[in-house]
Amino acid sequence: MRMSSNPQPAPAAAVRSWLQLNTPITDWQGRRVWLVGASTGIGLACAQALRAAGAQVVVSARNAQGVQDWAAQDVGVQWHALDVGEPLQVQATARAILAQGPLDLVVYAAGYYQAQRATAMDIDNLLQHDKVNYQGALQVIHAVLPSMLARQSGHISLLSSVAGWRGLPNGLAYGPTKAALTHLAETLYLDLQDQGIGVSVVNPGFVATPLTAQNQFTMPALISPEQAAREMLQGWAQGQFDIHFPKRFTLWLKLLRLLPYRLYFPLVRKFTGL
Ligand SMILES: NC(=O)c1ccc[n+]([C@@H]2O[C@H](COP(=O)([O-])OP(=O)(O)OC[C@H]3O[C@@H](n4cnc5c(N)ncnc54)[C@H](OP(=O)(O)O)[C@@H]3O)[C@@H](O)[C@H]2O)c1
């Protein structure tokens with residue numbers, strides 16, 4: 001019997017290579033990462049995981065909290081206070097960070113969530129979601145993209161949410177901003193793929209952070225920020241575009257995404273009781 005010199009990849013390897021849409025990032029040693037919205041939760045856990053893997057991390061948000069102490073003890077960690085709702089601040093911060101060297105990865109993790117329904121519409125709160133979750137991402141991308149384009153390298157990763165995949169009760173303010181982020185990531189990918197710049201969108205299910213602490217219901221398949229960070233590093237290592245987790249939850253939601261509205265609406269009502 002002749003042995004093939006080029007054996008078929010095992011199914012898991014075949015799936016991985018099918019999902020590989022970006023240049024994989026496996027070695028973080030010496031890489032420089034800016035995480036925007038990383039004073040708590042997923043962003044902070046991700047900054048800590050990247051630092052542990054050898055990256056130089058620059059952390060931004062409005063409140064320094066634990067990050068300033070961490071930055072004081074570790075030269076590989078820098079803190080730059082930033083409100084993403086202030087475009088001039090975003091530009092100045094990006095300029096200061098880029099003046100010290102190029103960025104290999106920019107993670108947009110800034111997020112704001114308050115449950116809102118159309119029966120009690122609050123326009124100011126709705127627009128605040130848009131400012132933090134969507135417009136802030138635009139400002140950050142606008143500030144870092146010219147440098148990435150000039151070097152033909154870098155990667156932009158946007159923290160979106162499964163809550164943006166389809167309309168959900170209580171998601172009036174939050175959901176549309178996440179749908180917009182995912183759409184933005186898809187379009188960025190198409191525009192930047194041949195410019196040497198990677199783009200990914202991160203779609204977590206429920207993660208135990210200050211953002212979800214307000215939820216009054218039992219969150220299905222809840223994971224820790226550290227688990228979320230591990231999933232993100234694995235997604236970047238595999239060159240994925242759509243980094244979604246935990247799969248035991250997100251794969252069901254992917255199926256729901258395919259349903260016609262006639263079935264989707266009553267099913268969501270039944271599951272949420274809303
Ligand atoms: N937790 C989940 O289950 C879940 C699920 C799907 C998606 N996500 C997304 O994951 C991302 C991280 O959320 P998280 O769950 O880790 O919540 P979190 O702990 O509340 O983190 C949100 C981060 O955004 C920062 N932020 C808020 N407003 C900002 C502003 N104006 N300027 C700069 N930074 C600002 C916060 O820092 P400061 O308040 O110090 O500014 C904080 O560091 C968000 O985009 C969220 O929508 C979370």
Side-chain angles (χ1 to χ4, degrees), residues 34-49 57-68 70-71 79-94 97 106-116 125 127-140 143 156-166 168 170-171 173-182 184-185 200-215 217-229 231-232 235 242-246 249-250 253:
W34 184 22
L35 299 108
V36 181
S39 61
T40 55
I42 301 171
L44 178 58
C46 192
Q48 289 166 336
V57 296
V58 186
V59 177
S60 287
R62 290 165 306 174
N63 306 300
Q65 293 162 345
V67 186
Q68 248 177 352
W70 183 31
W79 164 255
H80 280 264
L82 172 63
D83 183 340
V84 297
E86 300 292 335
L88 293 178
Q89 256 189 51
V90 176
Q91 280 168 35
T93 308
I97 293 169
V106 173
V107 182
Y108 191 79
Y112 175 57
Y113 167 68
Q114 278 190 4
Q116 190 178 146
N125 182 263
L127 293 175
Q128 180 63 14
H129 280 78
D130 192 55
K131 201 171 189 180
V132 177
N133 297 354
Y134 183 66
Q135 293 183 35
L138 291 182
Q139 295 293 347
V140 168
I156 296 168
S157 198
L158 305 178
L159 249 300
S160 185
S161 171
V162 296
W165 286 356
R166 290 196 88 164
L168 288 168
N170 276 330
Y174 183 75
T177 64
K178 294 300 180 176
L181 265 189
T182 298
L184 177 68
S200 53
V201 61
V202 180
N203 287 303
F206 288 106
V207 185
T209 69
L211 186 125
T212 50
Q214 62 183 297
N215 285 342
F217 55 91
T218 305
M219 291 179 266
L222 183 69
I223 61 170
S224 69
E226 291 72 27
Q227 284 171 298
E231 296 275 2
M232 288 164 69
D242 176 13
I243 304 173
H244 62 98
F245 53 83
F249 183 58
T250 54
L253 294 181

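Atoms within a ligand are numbered from 1 in the order they appear, just like the ligands themselves.
With sequence neighbours excluded, the residues satisfying side-chain hydrogen bond (donor to acceptor under 3.5 Å, both in side chains) with S60 are W34. Under the rule for a side-chain contact (heavy atoms from CB on, under 4.5 Å), the partners of A38 that lie at least two apart in sequence or sit in another chain are L35, V59.
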Please tabulate, one pair per line, all N/O donor-acceptor pairs under 3.5 Å involving side-chain atoms of residues 131-139, not counting sequence neighbours.
| from | atom 1 | to | atom 2 | distance (Å) |
| --- | --- | --- | --- | --- |
| N133 | OD1 | Y112 | N | 2.8 |
| N133 | ND2 | Y112 | O | 3.0 |
| N133 | ND2 | T177 | OG1 | 3.1 |
| Q135 | NE2 | D130 | OD2 | 2.8 |

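Between F249 and F206, the ring planes are tilted. Angles from 30° to 60° get that label.
Side-chain N or O atoms of T212 include one that pairs as donor or acceptor with a backbone N or O of V207 at under 3.5 Å.
Side chains of Q116 and N170: no donor on one and acceptor on the other come within 3.5 Å.
Ligand 1 lies under 4.0 Å from heavy atoms of G37, A38, S39, T40, G41, I42, A61, R62, N63, L82, D83, V84, A109, A110, G111, V132, L159, S160, S161, Y174, K178, P204, G205, F206, V207, T209, P210, L211, T212.
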